[in-house]
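Each chain gets a letter, A, B and so on, in the order its sequence line appears, and its residues count up from 1.
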Number of protein chains: 2
Amino acid sequence: MATIKDIAELANVSVSTVSKALNDSPEIGSQTSAKIKAIARELGYVPNSAAVALKRSATHHIGIIVPEISSEFFSKLVQAIETSASKRGFKSVLCFSKESFMTESQIIQNFCNGSVDGIIISMSKQTQQLRDYKHILSLMDHGIPVVMVDRTCDSIECEKVCINDFGASEHAVEHLIATGCKRPAFISTIPKTNVGKERKKGYRSAIQQKLYENNAKGLVLELNGYRNFEKELDSFIQQNAIDGILAANELAAIKAMNIIKKKGLQIPEDVSVIGFTDGQLSQHSSPSLTSISQNANTMGAIALKRLLLQITRDVPRPNNHIQTVVKHKLILRESTKAIH
Amino acid sequence: MATIKDIAELANVSVSTVSKALNDSPEIGSQTSAKIKAIARELGYVPNSAAVALKRSATHHIGIIVPEISSEFFSKLVQAIETSASKRGFKSVLCFSKESFMTESQIIQNFCNGSVDGIIISMSKQTQQLRDYKHILSLMDHGIPVVMVDRTCDSIECEKVCINDFGASEHAVEHLIATGCKRPAFISTIPKTNVGKERKKGYRSAIQQKLYENNAKGLVLELNGYRNFEKELDSFIQQNAIDGILAANELAAIKAMNIIKKKGLQIPEDVSVIGFTDGQLSQHSSPSLTSISQNANTMGAIALKRLLLQITRDVPRPNNHIQTVVKHKLILRESTKAIH
DNA sequence: CTGTTAGCGCGTTCAG
DNA sequence: CTGAACGCGCTAACAG
């Protein structure tokens, strides 16, 4: 690895001259500058990032912490963040919490060493369940800007980017009702997350407004994962004479559709289904799945933009409690009936 | 951000004493050491990564370059690499080439600044098409270890991790033939990649051995993307009386199934289908898709292990042309018939 | 226009 | 057992 020093020796000038020449300082004469640049190119010189980072106390790296990327929402989100980041000269350090509080804490502790200029995080299930945000606060105490995406929480004052999960859920349920569903249900395998909770609330709000006069809680099936999914869902559908399903996540919706088909019921005639996230699974299932799109790309781009705003202007924490709400979209496909 | 200097002042010792104490040097007395550590904890001290990197000329970061992560193979691969890396104290910098040679080159040029200790790459389509590997060679010239995964090439002498795509393809076609297919076809939307080519060769080899005596080229449909996919595939199936399909990638297989169903044909009775990659799409489609699993998790873990071997022992390039072949797996599901 | 010098934060000889 | 001093590679005063 050629250094500035090597160039200086070859060019018979001092290191500072080289530094200035390479940074196009007006102080340096054009022929000297040209000569230096030629030598630099010759040697394949690239400024050492650690040295620059040390000097500027800024790394041009951001940290991304997500639970995982096997669900398409997160993989899209990550890709959107990285794409925006690289456009602006920032590199992305990607970490997975695997839905574990401990792992998330360790990752964050690690990020306190100044290896990133800021962090975008979507919290783990366990963190949201424990409601323990010490690690995130500690990060902010270290002066590292944080933007929370999708899996956010109210009790921390930092920037947030999310959709209106409550409203999106209402929207979906209203559509089920409008297409003739009398007994729409809500199923979820993410009951412990803020988004899971909001989506459930939205479901209840919609059925209370549009379907029941009383304070009915509706038909809700919540599970932690997919262990007994088939058995539970099967009896749930049977016992409650379900004719519509809103699933809080894509995979649950897809699995539900397969179980419904297996029972010999028709989708959407007997049971209509709507999912969240709108990924490839939704597009390519049969019947294709009506979905709420969370616009992961937009969320990612905005999250990055907000983060860089905090990083570049060194206002430590002005109006930090800004929350950007990205519009959702209901994408109609074959798994729901048409409105007459 | 507390530094070693701050601690030194508070403890009334020199910075070097602090450094030694924090690194558990036997030179430092136990009570001094304890006191220093207490203060460090108090201040929330974390060693500055840029300074350490500069000192050690090693960042404990690796670079991961993949085309994208919307296909499940790459998202699994990335997750596997990161998981192994973090276990060993390495952070992962993730970049997307978006199948573009230019983007890939720029990313790599950027990585020559010493911001990573090594790189794992799966090349872009365009790079494989142009066969221009200057950027990768330049990386190696800079002394940065490189491991290529899945999308590899023969003409570079670096470590490689892949599956036997040729053999896997043969395996799949043999299964189609064994379950009664007389006219199995091969479809691909990745004709320009090495894996796409190998899979096609494997297909041809199998049909020549098992089906035709002569050197028939078989029934091959290659497209660059999904623009006219439906139209092309439709007439391809019609004209050639296809009764089996091996698709070189998961999405093509799924799309093919949907088109076949739309034509009113039965899967697997009229047309059997096998795909590559075995992701969630394969598991949850109806009928579920028989697939070749590339064991992305294994590939990722091995790639990282091999890379770290090169990084830690500073043998620059000993037996660098090692190629690790990971075993594939044929996962039988509903889209193929049973063997009688 | 160019060179000298200091210092970013840390680890590491080498003296004491 | 502890401290002073150097240098990793770079930028930015400050001199000349």
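- Between the side chain of K5(B) and the base of dG7(C), no donor-acceptor pair of N or O atoms lies under 3.5 Å.
- Atom CD1 in I36(A) sits roughly 8 Å away from atom P in dT2(C) (whole-Å rounding).
- Spacing between atom CG of L54(A) and atom C1' of dG9(C) amounts to 6 Å, rounded to whole angstrom units.
- Remark on DNA chain C: of its neighbouring residues A51(B) and E27(B), the 5'-side contact belongs to A51(B), judged by nearest-heavy-atom nucleotide.
- A donor N or O paired with an acceptor N or O is found under 3.5 Å between the base of dG3(D) and the side-chain atoms of S16(B).
- At whole-Å resolution of the value, CG in N23(A) and P in dG9(D) are 17 Å apart.
- Residue-level contact check: S57(B) touches neither bases nor backbone, having no heavy atom under 4.0 Å from any strand.
- Between the CG atom of L22(B) and the C1' atom of dG9(C) there is a distance of 13 Å, rounded to whole Å.
- Between the CG atom of D24(A) and the P atom of dA12(D) there is a distance of 13 Å, given to the nearest Å.
- Residue-level contact check: V13(B) touches the backbone only, with heavy atoms under 4.0 Å from sugar-phosphate atoms and none from bases.
- With hydrogens and angles ignored, no donor-acceptor pair under 3.5 angstrom links the side chain of K55(B) to the base of dG9(D).
- Here dG9(D) presents its C1' atom at 12 Å from CG of N113(B), a figure rounded to the nearest Å.
- The nearest whole Å value for the distance from the CZ atom in R56(B) to the P atom in dG11(C) is 6 Å.
- Nearest-nucleotide positions on DNA chain C for I4(B) and G29(A) put G29(A) closer to the 5' end.
- For E9(A) and dG3(C), the CD to P distance is 13 Å, given to the nearest whole Å.
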